[in-house]
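In what follows, a structure is listed as structure tokens, so that the remarks can point back to it.
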Amino acid sequence: MQPGKIYGIGVGPGDPELITLKANRLIKSATHLAYFAPKGAASYARNILRNMKLHAVEELAFEVPMVSGRAPAQIIYDQATARLRTVLDRGNDVMLLCEGDPLTYGSFIYILSRMRAFYEIEIIPGGGAIQACAAISGFALASRNEQFLILPAPLDNATIESALAGVQSLAIIKLGKHLERIRVLLTQKGLADQTYYIAHAGLDTEYHCLLNAAPMNIIAQPASQHEIIS
């Protein structure tokens, strides 16, 4: 039997209206949907489709523990690959939903590396949270010869400080428990009044303001979908 094809489909940063026409068409034709979710919580990518009318589909949810070590997540990716192969080997196509863009800090990257040698794969790009945050704040990420850099917040302060010295604009993602540390660092550098803080871009719970105006009850809450652009 000819194996099925796997699609890595970017569903955008959160607003369902930002799903591309191609992604919308493929998702609505799907017989098998797959997605990742934080352990014990709903999938962000699947939630974006909550109001979309779908055909009867089989859904494969893969829970990923939100821990700093690589080993637990790698085990989940191995297990997800095995489940996907079972479905694909029966001749079924699988639409793997990806929050934002599949190849930008996404779990799909680890599935791609495990499966690209054995199955046909098509990647459907999607808009990322950084672009959504820029649109919300009206912040121009880069123009002409300016340098724009994306940094994950778990990097140490020295690395982030060094990056600040060499670019015109910067996005910091994956804030989580690092949000307060990053806020203090940017405040010390005199950048808090020109830095935008955006939470849950494109969702009903969206919140944004200048970083130095962010109330402490916002800074202190879990920040799985929070970004900073400066």
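Predicted model only: the values in this text are computed from it and were never measured. Positions are given from 1 along the sequence.
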Is [Y] close to [X] at the side-chain level, that is, under 4.5 Å between some pair of heavy atoms?
X      : Y      : answer
Leu96  : Ile111 : yes
Ile121 : Phe108 : yes
Leu33  : Leu54  : yes
Leu210 : Tyr196 : yes
Phe139 : Ile130 : no
Val94  : Tyr7   : no

Over all atoms of both residues, closest heavy-atom pair of [X] and [Y]:
X      : Y      : answer
Gly190 : Asp193 : O-OD1, 3.5 Å
Val57  : Ala30  : CG1-O, 2.9 Å
Gly126 : Pro102 : N-CD, 4.0 Å
Val64  : Ala73  : CG1-CB, 4.1 Å
Val167 : Ala163 : CG2-O, 3.4 Å
Pro125 : Thr20  : O-CG2, 4.1 Å

Just how far is it from atom [atom1] of [X] to atom [atom2] of [Y], taken to the nearest 0.5 Å?
X      : Y      : atom1 : atom2 : result
Leu149 : Leu141 : CG    : CG    : 12.0 Å
Ser107 : Leu112 : OG    : CG    : 12.5 Å
His200 : Cys133 : NE2   : SG    : 11.0 Å
Gln194 : Leu211 : CD    : CG    : 11.0 Å

Legend entry - Verdict with reasoning, Leu84 to Met115, per side-chain contact (heavy atoms from CB on, under 4.5 Å): CA-CA 9 Å; Leu84 289 168; Met115 304 188 74; 4.1 Å; yes
Inset, instruction - Linking directly or through intermediates, with side-chain heavy atoms under 4.5 Å: list the remaining ILVMFWY members grouped with Leu21, chain and number order. - result: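 In the cluster with Leu21 there is nothing else; it is isolated.
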So, [X] side chain and [Y] main chain: donor-acceptor pair closer than 3.5 Å or not?
X      : Y      : value
Gln168 : Gln147 : yes
His55  : Lys28  : yes
Thr187 : Arg183 : yes

Legend entry - Pair Leu97-Ile27, side-chain contact (heavy atoms from CB on, under 4.5 Å): steps then yes or no: CA-CA 9 Å; Leu97 306 178; Ile27 291 167; 3.9 Å; yes
Inset, instruction - Please collect all salt bridge (Lys or Arg N to Asp or Glu O under 4.0 Å) contacts where either partner lies in residues 110-134, sequence neighbours excluded, each pair once. - result: Lys5-Glu120, Lys5-Glu122, Lys22-Glu122, Asp78-Arg114
Legend entry - Pairs involving residues 143-171, ordered by first then second residue, that meet salt bridge (Lys or Arg N to Asp or Glu O under 4.0 Å) (sequence neighbours left out):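 Residue pairs passing salt bridge (Lys or Arg N to Asp or Glu O under 4.0 Å), neighbours aside: Glu161-Lys189.
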All side-chain hydrogen bond (donor to acceptor under 3.5 Å, both in side chains) counterparts of [X], not counting sequence neighbours:
X      : answer
Arg181 : Asn157, His178
Thr104 : Asp101
Tyr35  : Glu59
Tyr119 : Arg85, Asp89

Legend entry - Qualifying residues under salt bridge (charged side-chain N to carboxylate O under 4.0 Å, His left out), relative to Glu63, sequence neighbours excluded: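 Residues passing salt bridge (charged side-chain N to carboxylate O under 4.0 Å, His left out) with Glu63: Lys39.
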Legend entry - Name of the residue among Leu185, Leu170, Leu186 meeting side-chain contact (heavy atoms from CB on, under 4.5 Å) with Leu191: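 When side-chain contact (heavy atoms from CB on, under 4.5 Å) is applied between Leu191 and each of Leu185, Leu170, Leu186, only Leu186 qualifies.
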I'd like to know if [Y] and [X] are part of one continuous hydrophobic network [Ile/Leu/Val/Met/Phe/Trp/Tyr, side-chain heavy atoms within less than 4.5 Å].
X      : Y      : value
Phe118 : Leu88  : yes
Ile150 : Ile136 : yes
Leu103 : Ile6   : yes
Met95  : Met52  : yes
Leu179 : Ile160 : yes

Taking side-chain contact (heavy atoms from CB on, under 4.5 Å) as the test, write out the residues that go with [X], two or more places apart.
X     : result
Asn92 : His32, Val87, Arg90
Gln79 : Ile75, Ile76
Leu18 : Pro13, Asp15

Inset, instruction - Before giving the answer on side-chain contact (heavy atoms from CB on, under 4.5 Å), spell out for Lys174 and Tyr105 the whole-Å C-alpha distance, their side-chain angles and the decisive distance to 0.1 Å. - result: CA-CA 9 Å; Lys174 299 188 176 184; Tyr105 291 102; 3.6 Å; yes
Inset, instruction - Before giving the answer on side-chain contact (heavy atoms from CB on, under 4.5 Å), spell out for Leu26 and Ile9 the whole-Å C-alpha distance, their side-chain angles and the decisive distance to 0.1 Å. - result: CA-CA 9 Å; Leu26 288 169; Ile9 301 183; 3.9 Å; yes
Inset, instruction - Quick one: list whatever passes ring-ring contact (aromatic ring centres under 6.0 Å, His included) with Tyr77, sequence neighbours left out. - result: Phe36, Tyr110
